[in-house]
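Each remark here refers to the structure printed beneath this line.
In the text below, chain A, chain B and the rest are named by the order of the sequence lines, each starting its count at 1. The shown structure was predicted, so the numbers you read here are calculated from the model rather than taken from an experiment.
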There are 2 protein chains.
Amino acid sequence: MIRRIPQARERGIPDATVARLPLYLRALNGLAERGTATVSSEDLALAAGVNSAKLRKDLSHLGSYGTRGVGYDVQYLIYQISRELGLTQDWAVAIVGVGNLGRALANYGGFVSRGFRVAGLLDADPAVVGDHIAGLTVEHSDGLEAVIRKRGVSIVVIATPATAAQQVCDRVIAAGVTSILNFAPVVLTVPDGVDVRKVDLSIELQILAFHEQRKVSGGPMMAEDWAGEAG
Amino acid sequence: MIRRIPQARERGIPDATVARLPLYLRALNGLAERGTATVSSEDLALAAGVNSAKLRKDLSHLGSYGTRGVGYDVQYLIYQISRELGLTQDWAVAIVGVGNLGRALANYGGFVSRGFRVAGLLDADPAVVGDHIAGLTVEHSDGLEAVIRKRGVSIVVIATPATAAQQVCDRVIAAGVTSILNFAPVVLTVPDGVDVRKVDLSIELQILAFHEQRKVSGGPMMAEDWAGEAG
DNA sequence: GCCTGTGAATAAATTCACAGCG
DNA sequence: CGCTGTGAATTTATTCACAGGC
């Protein structure tokens, strides 16, 4: 029988924990900006919106970075989590598809601030190519492979229409990219070893609707005097 | 702290299942468009990107809507899932914050197509108020409460800067909204009974970076400061 | 035979509760 | 003492595997 060796150190961090580390990091940065030097698991958990037992368990997967009876040193913990997430490195990101969403992403401050650098904006539409967005010039997606290779892009954000997503996906994988963030509402087919994360705006709304439906017995309020102004 | 929504007594569908139903729904709609009448759990699972056992278990929580030896009737299953998610109703959604992201959301086809209707676009910036986006006119956020009441808004999307998010959140809750989709990178504090879902663009990138870091032993090509870590 | 639906088994995640250190 | 770190207990989710209907 093959038994998994529990790597107490830095290997084998649960997915659920990894997904929360950015949350803790953001809460810690907020504390740091307000000049807080140390924080207890209770307070940090509150700021991050989780419970303290979970927070301590999560952090314990990284190592013993707290001090019993005191709490965690904010700056030190920021560094440790950043290192664990790989944010002490500089990641070049290319955004493919410069529609409304692509523009929003390019201008999103959170990308640049944490180890990510938008190294390329690409679009297939000649009407968009040449636009200046967030200090970059939109390039034609014909040059996708060249941009990836020349600028060391390791993460690609797909913000194209659904119909183009798989094709873009195939091309960037062929160019060596193994990390993709997909905003197109389509399931991408990728070979083993390629990591795809998906953000689906409408799915979140649908989940909300499910819960909303359960709350209100009579369904949503009726829009009585809604006069559509479209058209 | 996270409060469980007044859970349905009759059928407690697991959260993990609810989160996947929209995925199945999209896969089914794709099949329907191509004229497929029935589909096996195997094929539907493939289209949705999950495994078939999970799919069958998920669907079993809704009822027995399949036919042994045959599969599921596509149209019927679409209806059942839609009903379960509350998408057979018409949900009025207001988007607060009409920056790049807000515009992207307003133009996002997936909203309108599935039981959601953008009933209001609001922003605090007078320079934006009056803009026409996706067939709507941007209104000043002073009128937030009025818009919510008059147009029967039951779900609010917060796409404001982080600094404004909590204030907007408080106002919409005071106006009776109990379902919020938050794109601002901040943890919202809400009373019990209010359901908040969060979409955080940078968190997804950070999770990708974590996995990417583990794949590539040498790190990304453009790593500038390679602090010698004893590995 | 084929494929669903589902108990049982397994795995993962969360929470409890307290030992142990500062 | 207070607060972390963590085994143990609990809850939740996934996967297996096959009974049972078509």
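Checked by atom type and distance alone, the side chain of B:Gln75 never pairs as donor or acceptor with a backbone atom of B:Ala32 at under 3.5 Å.
Qualifying side-chain contact (heavy atoms from CB on, under 4.5 Å) partners for A:Arg68, counting only residues two or more places apart in sequence or in other chains: none. Residues forming a side-chain contact (heavy atoms from CB on, under 4.5 Å) with A:Gln167 (at least two apart in sequence, or on another chain): none.
The side chain of B:Lys57 approaches C:dA8 more closely than any other nucleotide in the set C:dA8, C:dC16, C:dA13. Candidate nucleotides D:dG5, C:dT4, C:dT15 were compared by shortest atom distance to the side chain of A:Tyr72, and D:dG5 ranks first. Across C:dT6, D:dA13, D:dG5, the shortest atom-to-atom separation from the side chain of B:Ser60 is found for C:dT6.
Residue B:Glu42 is the one, among B:Glu42 and A:Ala16, whose nearest nucleotide of DNA chain C lies closer to the 5' end (criterion: closest heavy atom).
Following rounding to the nearest Å, A:Asp58 (CG) and C:dA12 (C1') show an atom-to-atom distance of 13 Å. The distance between atom CZ of B:Arg56 and atom P of D:dC16, rounded to the nearest whole Å, is 11 Å. Going from atom NE2 of A:His61 over to atom P of D:dT6 covers 9 Å, rounded to whole Å. Whole-Å rounding puts the B:Leu55 CG to C:dT6 P distance at 14 Å. The nearest whole Å value for the distance from the CG atom in B:Asp73 to the P atom in C:dT4 is 13 Å. Atom CG in B:Leu62 sits about 11 Å away from atom P in C:dT6, given to the nearest Å. Regarding A:Tyr65, its OH atom lies at a distance of 12 Å from the P atom of D:dT6, rounded to whole Å. Whole-Å rounding puts the A:Leu44 CG to D:dG5 P distance at 12 Å.
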Expected rows: protein N/O vs nucleotides 19-22 of chain C N/O, under 3.5 Å:
unit_1 : atom_1 : unit_2  : atom_2 : d
C:dG20 : N3     : A:Arg68 : NH1    : 3.4

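Residues in residues 155-166 of chain A take part in these side chain to side chain donor-acceptor pair (under 3.5 Å) pairs, two or more places apart or across chains: A:Gln166-A:Asp170.
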Which pairs would a plain distance check flag for residues 200-207 of chain A, meaning a side-chain donor or acceptor within less than 3.5 Å of a matching protein atom at least two apart in sequence or in another chain?
unit_1   : atom_1 : unit_2   : atom_2 : d
A:Asp200 : OD1    : A:Ser202 : N      : 3.0
A:Asp200 : OD1    : A:Ser202 : OG     : 3.0
A:Asp200 : OD1    : A:Ile203 : N      : 3.1
A:Asp200 : OD2    : B:Arg26  : NH1    : 2.1
A:Asp200 : OD2    : B:Arg26  : NH2    : 3.4
A:Glu204 : OE1    : B:Arg197 : NE     : 2.5
A:Glu204 : OE1    : B:Arg197 : NH2    : 3.1

Which pairs would a plain distance check flag for residues 184-192 of chain A, meaning a side-chain donor or acceptor within less than 3.5 Å of a matching protein atom at least two apart in sequence or in another chain?
none

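The OG atom of A:Ser154 sits 5.0 Å away from atom CD of B:Glu212, with the distance rounded to the nearest 0.5 Å.
Side-chain nitrogen and oxygen atoms of A:Asn51 include at least one within less than 4.0 Å of the OP1 or OP2 phosphate oxygen of C:dT15. OP1 and OP2 of D:dC3 both lie 4.0 Å or more from every side-chain N or O belonging to A:Ser40.
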